[in-house]
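Worksheet for the structure shown next.
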Amino acid sequence: MSTPAPVPAAAGERFLDGKVAIVTGASRGIGKAIAERLALRGAKLACVATEAKNCAETVARCQAAGATAVAMGVDVSNTKAVGELVEKIHKELGEPYVLVNNAGLTRDQLLLRMSEEDFDRVIAVNLKGAWNFSRAAARSLMKSRGRIVNISSVVGLMGNAGQSNYAASKAGLLGLTRSVAKELASRGVCVNAIAPGFIQTDMTAQMGETAAQELASSIPLKRIGTPEEIALAVDYLVGPGGAYVTGQTLVVDGGLSL
Ligand code: NAP
């Protein structure tokens, strides 16, 4: 006899009630919107950024939504420190159920001008950071039959001039996602990636109004996306709708990569 499919979550349903969620890069932009969305679902949140104080506003907003939330600081590229932090989260909040690897940075430059340091740093934060957290939380996620969501980028699918380091890190995340999905599937853990297009955050704010308008007109849906639209994709993947989805890349880009 086959298992019945879960009923899709109604708006406002607290399907993460009491479950522990780790969101990296939660101080602003996409990570902040993800933390707030998971708070509405009832999750107990570990909001991580380079320094705990950077997540103060996110934590306050999650708490205002009725959730338990704590701010934590770590450099996601530091394997030992990430291991210790995941242990601390386990002790303070309980067994992690959701891990959203969202922390990321850019150090753009054309290939001929890019320094080795800028290549290594972007790979270390964007790619190794996700590996660090996935490995440190894997045992807990197997116990809780949890979910991992890696925030990649359409640039990881399409490439982008001036972003060889960033595109390589985001493409690497897709390989990491598929491999960890295969490794953890037998333990009931679903592992997926989201590939956002251009989203209105600090990361994209530097481009200026004219460039932003030109870019928006080249997107089939004729606008830049919002952090909340990425948070809603995470909401789907960590909710009942995502229970039979693993190893996939959900592209949320207004059609940019078409
Ligand atoms: P953002 O506004 O620049 O925020 C980046 C976040 O990552 C901050 O919370 C920052 O913490 C954290 N972070 C950076 N380096 C870290 C480190 N070494 N250790 C711990 N935390 C670190 O970025 P965003 O635009 O919201 O992007 C979030 C994710 O989405 C990134 O992975 C990005 O590549 C991806 N993405 C963004 C877009 C876009 O258009 N915005 C498109 C595709 C993909 P601090 O505040 O402490 O620095």
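Atoms within a ligand are numbered from 1 in the order they appear, just like the ligands themselves. Residue numbers count from 1 along this sequence.
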What part of [X], side chain, backbone, both or neither, has a heavy atom within less than 4.0 angstrom of ligand 1?
{"X": "Met72", "result": "neither"}
{"X": "Lys32", "result": "neither"}
{"X": "Ile199", "result": "both"}
{"X": "Pro227", "result": "neither"}
{"X": "Asn102", "result": "both"}

Looking only at non-hydrogen atoms, find the nearest pair between [X] and [Y] and report the distance.
{"X": "Val149", "Y": "Ile194", "result": "CG1-CD1, 3.8 Å"}
{"X": "Ala49", "Y": "Asn54", "result": "CB-CB, 4.1 Å"}
{"X": "Gly104", "Y": "Asn126", "result": "CA-OD1, 3.2 Å"}
{"X": "Ile34", "Y": "Val100", "result": "CD1-CG1, 4.0 Å"}

What protein heavy atom sits nearest [atom], and how far away is it?
{"atom": "atom 18 (N) of ligand 1", "result": "Asp75 OD1, 3.0 Å"}
{"atom": "atom 23 (O) of ligand 1", "result": "Met203 CE, 3.8 Å"}
{"atom": "atom 44 (C) of ligand 1", "result": "Ser152 O, 3.1 Å"}
{"atom": "atom 26 (O) of ligand 1", "result": "Ile30 N, 2.8 Å"}
{"atom": "atom 13 (N) of ligand 1", "result": "Ala103 CB, 4.0 Å"}
{"atom": "atom 4 (O) of ligand 1", "result": "Arg28 NH1, 3.4 Å"}
{"atom": "atom 16 (C) of ligand 1", "result": "Thr50 CG2, 3.5 Å"}
{"atom": "atom 46 (O) of ligand 1", "result": "Ser27 OG, 2.6 Å"}

Answer yes if the side chains of [X] and [Y] hold a donor-acceptor pair under 3.5 Å, and no otherwise.
{"X": "Asn101", "Y": "Thr24", "result": "no"}
{"X": "Asp108", "Y": "Gln163", "result": "yes"}
{"X": "Thr79", "Y": "Asn132", "result": "yes"}
{"X": "Ser77", "Y": "Asp75", "result": "yes"}
{"X": "Gln200", "Y": "Thr226", "result": "no"}

Answer yes when [X] and [Y] have at least one side-chain N-carboxylate O distance shorter than 4.0 Å, and no when they do not.
{"X": "Glu84", "Y": "Lys80", "answer": "yes"}
{"X": "Arg147", "Y": "Asp235", "answer": "no"}
{"X": "Arg107", "Y": "Glu117", "answer": "no"}
{"X": "Arg223", "Y": "Glu229", "answer": "yes"}

Proximal atoms of ligand 1 relative to [X] (non-hydrogen, under 4.0 Å):
{"X": "Ser153", "result": "43 (C), 44 (C)"}
{"X": "Tyr166", "result": "33 (C), 34 (O), 35 (C), 36 (N), 43 (C), 44 (C)"}
{"X": "Thr204", "result": "39 (C), 40 (O), 41 (N)"}
{"X": "Arg121", "result": "18 (N)"}
{"X": "Phe198", "result": "40 (O)"}

Can you tell me if [X] contacts ligand 1 (heavy atom of the residue under 4.0 Å from the ligand)?
{"X": "Ala26", "answer": "yes"}
{"X": "Thr24", "answer": "no"}
{"X": "Val74", "answer": "yes"}
{"X": "Gly197", "answer": "yes"}
{"X": "Lys170", "answer": "yes"}
{"X": "Gly73", "answer": "no"}

Next item on the list: Would you mind finding which of Gly25, Gly104, Gly29 brings a heavy atom closest to atom 5 (C) of ligand 1?
Entry: Gly104
Margin query: On a heavy-atom basis, I'd like to know which of Thr201, Asn126, Asp253 is closest to atom 25 (O) of ligand 1.
Written below: Thr201
Next item on the list: Apply the test side chain to side chain donor-acceptor pair (under 3.5 Å) to residues Thr210 and Gln213: give CA-CA distance (whole Å), side-chain angles for both, the deciding distance (0.1 Å), then the verdict.
Entry: CA-CA 5 Å; Thr210 318; Gln213 273 171 10; 5.9 Å; no
Note to self: Does Glu57 form a salt bridge (charged side-chain N to carboxylate O under 4.0 Å, His left out) with Lys32? I'd like the steps, not just the answer.
What the structure shows: CA-CA 9 Å; Glu57 194 189 320; Lys32 185 172 181 228; 2.9 Å; yes
Note to self: Please report whether ligand 1 has a polar contact with Val76, defined as an N or O pair separated by less than 3.5 Å (distance criterion only).
What the structure shows: yes
Check: Is Val86 reachable from Trp131 through a run of I, L, V, M, F, W or Y residues, each pair having side-chain heavy atoms under 4.5 Å apart?
Finding: yes
